Amino acid sequence: MKTLEQLTRPNIWRLAPYSSARDEYSGKEAHVFLDANENPYNKPFNRYPDPLQRELKKEIAKVKRVPEENIFLGNGSDEAIDLPYRIFCRPGIDNVVAIEPTYGMYRVCADTNDVEYRPVMLDDKYQMDADKILAACDANTKLIWICSPNNPTGNNIDREQIEKVLNGFDGIVIVDEAYSDFSDQRPFRLDLAQHPNIIVLNTFSKAWGCAAIRLGMAFASKEIIALYNKVKYPYNVNMLTQQQATNALSSRKDIEDWVRLLLQERTRMMRAFLDLPICEKVYPSDANFFLAKMSDAQAIYDYLVDKGIIVRNRTRVTLCNECLRITIGTKSENTELLGALRSFK
Ligand SMILES: *Cc1c(COP(=O)(O)O)cnc(C)c1O
């Protein structure tokens with residue numbers, strides 16, 4: 001691996017981050033806060049939230065088994081995806097490599113940051129060839145994006161291939177494990193110590209059932225986390241989000257129950273799809289959704305929309321011709337979808 005100084009944009013390496021009123025006082029018990037131009041009325045909304053979300057990180061550290069100092073929290077994974085571009089990639093000079101097809105935000109953030117995006121096609125089983133990924137890199141490649149379980153294909157990427165990329169690349173490898181709660185593969189966040197160049201992404205939006213609160217996580221070395229903290233907006237995670245996330249973390253049993261139920265329903269749905277005459281193929285899934293190849297994805301999609309049922313049409317995505325992506329819903333939602341598909345003509 002190159003040093004972090006070699007990888008980081010020089011302006012970011014030199015950056016003096018914004019220092020808030022509350023950053024400058026530290027530690028001692030205080031009860032009169034006249035430092036931040038806040039309104040003294042309208043508690044508790046009048047006070048700025050903790051910029052480093054320390055209480056929340058303590059709880060996340062326990063549940064995710066990652067030390068607090070290795071955690072960054074952002075306004076959704078969206079923020080955790082965008083910041084590495086702003087930290088590492090010089091616009092118009094550096095590039096990133098990513099598996100293809102995958103989650104669309106990696107490319108959108110590359111484009112908004114004016115960074116070249118190099119997609120590398122998965123094989124016909126939607127698996128990654130580490131050698132192909134490494135061959136697409138050059139001296140200006142700063143980031144490699146791997147999503148596992150992958151969206152929209154649903155499958156885990158082989159762990160050995162990911163390790164080969166981690167060991168063979170001198171820049172940063174980002175492994176997006178947004179769906180790892182649904183998978184039985186060992187999550188990479190537990191192996192941060194072996195991989196100084198990894199950033200692992202998690203989210204509250206999927207298994208945790210909190211897409212509305214916008215909370216994403218990045219796990220990495222404390223040096224990489226320090227760079228994230230330097231560049232983020234000072235109060236990027238608001239107080240309501242921090243409170244609601246703390247509540248969610250204290251009801252872990254619900255989440256485990258949801259995951260179990262969703263996985264049962266996934267099995268039922270995938271079997272039922274295989275029996276549909278209009279379904280040609282169901283791809284294996286390690287997530288809370290699956291990809292199905294249909295006889296005519298567009299027509300079926302339009303038909304479902306007419307009935308008020310929305311699935312994701314992925315037919316125009318690379319390697320996903322005629323594919324619909326089906327999220328697992330409640331039992332009755334899933335049954336309604338199947339009923340509609342059975343009467344499609
Ligand atoms: C849904 C999803 C996320 C979550 O994004 P948030 O901004 O945290 O809601 C991240 N990565 C992938 C691959 C996803 O599919």
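For reference, positions follow the sequence shown, starting with 1. Because the structure is a prediction, the values reported are computed rather than measured. Note: hydrogens, waters and symmetry copies are ignored here, and every other heavy atom, side chains too, is used. Counting convention: from 1, in listed order, for ligands and their atoms alike.
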Salt-bridge criterion met for Arg186 and Asp191 (N-O under 4.0 Å): yes

- prompt: Under the salt bridge (Lys or Arg N to Asp or Glu O under 4.0 Å) criterion, do Lys253 and Glu256 qualify, and how do the steps go?
  reply: CA-CA 5 Å; Lys253 171 113 186 1; Glu256 285 163 13; over 6 Å; no

Quick one: does [X] get a heavy atom under 4.0 Å from ligand 1?
X      : value
Glu79  : no
Phe204 : no
Cys147 : yes

- request: Would you indicate whether the side-chain heavy atoms of Ser77 and Tyr103 approach each other to under 4.5 Å?
  value: no

Near [X], which atoms of ligand 1 are under 4.0 Å from a heavy atom of that residue?
X      : answer
Asp78  : 7 (O)
Lys206 : 1 (C), 2 (C), 3 (C), 4 (C), 14 (C), 15 (O)
Gly76  : 7 (O), 8 (O)

Is it true that the side chains of [X] and [Y] contain a donor and an acceptor less than 3.5 Å apart?
X      : Y      : result
Lys206 : Asn288 : no
Asp302 : Gln298 : yes
Asp176 : Tyr106 : yes

message: Could you work out, for atom 12 (C) of ligand 1, the closest of Asn288, Ile213, Asn75, Asp176 by heavy-atom distance?
response: Asp176

task: Please confirm whether Arg159 makes a cation-pi placement over Phe188, using NZ or CZ under 6.0 Å from the six-membered ring centre and within 45° of the ring normal.
output: yes

What protein heavy atom is closest to [atom], reported as residue, atom name and distance in Å?
atom                    : answer
atom 7 (O) of ligand 1  : Arg214 NH2, 2.6 Å
atom 15 (O) of ligand 1 : Tyr179 OH, 2.6 Å
atom 9 (O) of ligand 1  : Ser205 OG, 2.7 Å

- request: Report yes if some N/O of Asn151 lies less than 3.5 Å from some N/O of ligand 1; otherwise report no.
  value: yes

- prompt: Glu79 and side-chain contact (heavy atoms from CB on, under 4.5 Å): which partner among Leu73, Asn236, Val231?
  reply: Asn236

